[in-house]
Amino acid sequence: MHVFITGGSKGIGRGMVVEFLKRGHNVSFTGTSEASVSKGSSGLSGNFLGLVCDVRNKLDIENAKDLATNKFECIDIWINNAGVGHVLKDVCDLSEEEIKEVIDINVSGMIMGTSVAIKEMKKQNHGKVYNMEGLGSDGRIIPKTLVYGSSKRLLRYFSKAVNKELKDFKEISVSTISPGMVFTDLLLKNSSPESMKIMNILGNSVEEVTPFLVEKMILGK
């Protein structure tokens, strides 16, 4: 099986790369720079391909997809994992650049990634797309995280709705998968002392979470 993961050079993404490789699958993953891809590739074993890709650019995603399929042929699972958060601020205090970065990566990047994946999967007549949930997916509202939370709430709606357009392609589907509260750079750099107290009780490490996520996706859940 060939698995394609955006944002796979660090955090949960890299954890999933490791787990899929452990199970003998071919893995293509993206990072934002040669340096991040090189760092993410360090220590990996198995059949993998690291690719530089800015998910804000559809052509970048298409080029990465082409390189991946040229090496490993059809893509069985595509995971839109690339995402960013923002500093803990009231929405009125976020800069235009901070707002746009979250929307461009978490929303536009996810939608364009899904678009590229589905187009390829229609050619091969099978495949599963998974979009990575986060705080806000379930409708919870946490002050000072509103733009990030809104991006993840939209992700759940979009992932469910896009299947309406796939009704004639029974072997292709789009789903979401939730990692829960995981200790990653994205989570930790935006945490307050108060939230850290909660995370120390409820949080999990990447190594604890990713085997569970990977198993669910392999089983098609």
Side-chain angles (χ1 to χ4, degrees), residues 1-72 75-87 97-98 100-102 104-106 108-110 112-113 116-117 130-135 148 151-152 177 179-191 196 199 203-215 217-218:
M1 185 164 66
H2 177 200
V3 183
F4 186 102
I5 305 172
T6 68
S9 63
K10 60 184 179 180
I12 294 172
R14 189 177 187 280
M16 291 189 293
V17 170
V18 170
E19 289 300 323
F20 278 113
L21 288 173
K22 279 183 182 179
R23 290 161 171 77
H25 301 295
N26 300 323
V27 179
S28 300
F29 71 91
T30 73
T32 56
S33 66
E34 292 284 359
S36 68
V37 170
S38 177
K39 185 176 180 180
S41 299
S42 179
L44 296 179
S45 60
N47 297 319
F48 68 89
L49 177 64
L51 300 159
V52 177
C53 174
D54 183 344
V55 299
R56 295 172 293 187
N57 185 327
K58 190 176 183 182
L59 183 59
D60 262 25
I61 303 172
E62 290 173 337
N63 288 339
K65 180 267 298 179
D66 288 341
L67 290 170
T69 53
N70 285 341
K71 183 174 179 65
F72 295 127
I75 297 172
D76 301 287
I77 294 176
W78 179 296
I79 306 167
N80 286 309
N81 170 71
V84 295
H86 55 77
V87 292
E97 291 73 21
E98 288 171 321
K100 284 185 174 180
E101 182 181 44
V102 173
D104 288 348
I105 294 174
N106 295 8
S108 297
M110 178 274 298
M112 289 189 293
V116 171
Y130 289 93
N131 292 321
M132 191 64 67
E133 293 191 6
L135 178 66
Y148 176 82
S151 75
K152 292 301 181 179
I177 192 157
M181 190 180 292
V182 185
F183 292 112
T184 63
D185 291 342
L186 174 62
L187 182 67
L188 295 175
K189 75 178 182 180
N190 294 313
S191 299
M196 279 301 300
M199 287 189 290
N204 295 293
S205 69
V206 169
E207 293 76 16
E208 290 172 319
V209 169
T210 48
F212 167 75
L213 297 178
V214 165
E215 198 62 30
M217 287 184 279
I218 290 173

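What you see below is based on every heavy atom in this structure, not just the backbone, and it leaves out hydrogens, waters and symmetry mates.
Between L213 and M16 the shortest heavy-atom distance is CD1-SD, 4.5 Å. For S41 against F29, the heavy-atom pair with the smallest separation is OG-CZ, 3.4 Å. Scanning both residues, E101 and V84, for their nearest heavy atoms gives O-CG2, 3.8 Å. Contact record, I12 with P179: CD1-CB, 3.7 Å, taken as the closest heavy-atom pair. Nearest heavy-atom pair across T6 and W78 is CG2-NE1, 4.3 Å. When every heavy atom of F72 is checked against every heavy atom of S28, the shortest pair comes out as CD1-OG, 3.6 Å.
Of the possible donor and acceptor atoms, one in the side chain of N81 sits under 3.5 Å from a partner among the backbone N and O of G7. Using modelled atom types, no side-chain atom of S38 and backbone atom of E34 make a donor-acceptor pair closer than 3.5 Å. At least one donor-acceptor pair closer than 3.5 Å links the side chain of S151 to the backbone N or O of Y148. Using modelled atom types, no side-chain atom of S108 and backbone atom of I105 make a donor-acceptor pair closer than 3.5 Å. A distance-only check finds a donor-acceptor pair linking the side chain of R14 to the backbone of G40 [under 3.5 Å].
Under the side-chain contact (heavy atoms from CB on, under 4.5 Å) test applied with L21, the options V3, V27, N26 reduce to a single match, V27. Exactly one residue among I61, L67, N63 makes a side-chain contact (heavy atoms from CB on, under 4.5 Å) with L51. That residue is L67.
Atom NE2 of H25 is separated from atom CG of D76 by 9.0 Å, given to the nearest 0.5 angstrom. Note that CE of M1 and CZ of R23 are 9.5 Å apart. Values are rounded to the nearest 0.5 Å. Here the straight-line distance linking atom OG1 of T32 with atom CZ of R56 works out to 8.5 Å at 0.5 Å rounding. The distance from the OG1 atom of T30 to the CG atom of N80 is 9.0 Å, given to the nearest 0.5 Å. In this structure, the separation between CD1 on I77 and CD1 on I218 is 6.5 Å, given to the nearest 0.5 Å.
A salt bridge does not link K100 with E97: every distance from a Lys NZ or Arg NE/NH1/NH2 to an Asp or Glu carboxylate oxygen is 4.0 Å or more.
A 4.5 Å side-chain heavy-atom check between M132 and I177 finds at least one atom pair inside the cut-off. Considering only heavy atoms from C-beta on, V116 comes within 4.5 Å of K58 through its side chain. Residues V18 and T210 have side chains not in contact (no heavy-atom distance under 4.5 Å, counting atoms from C-beta outward).
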List the steps and the verdict of salt bridge (Lys or Arg N to Asp or Glu O under 4.0 Å) for E19 and K22. CA-CA 5 Å; E19 289 300 323; K22 279 183 182 179; 3.4 Å; yes
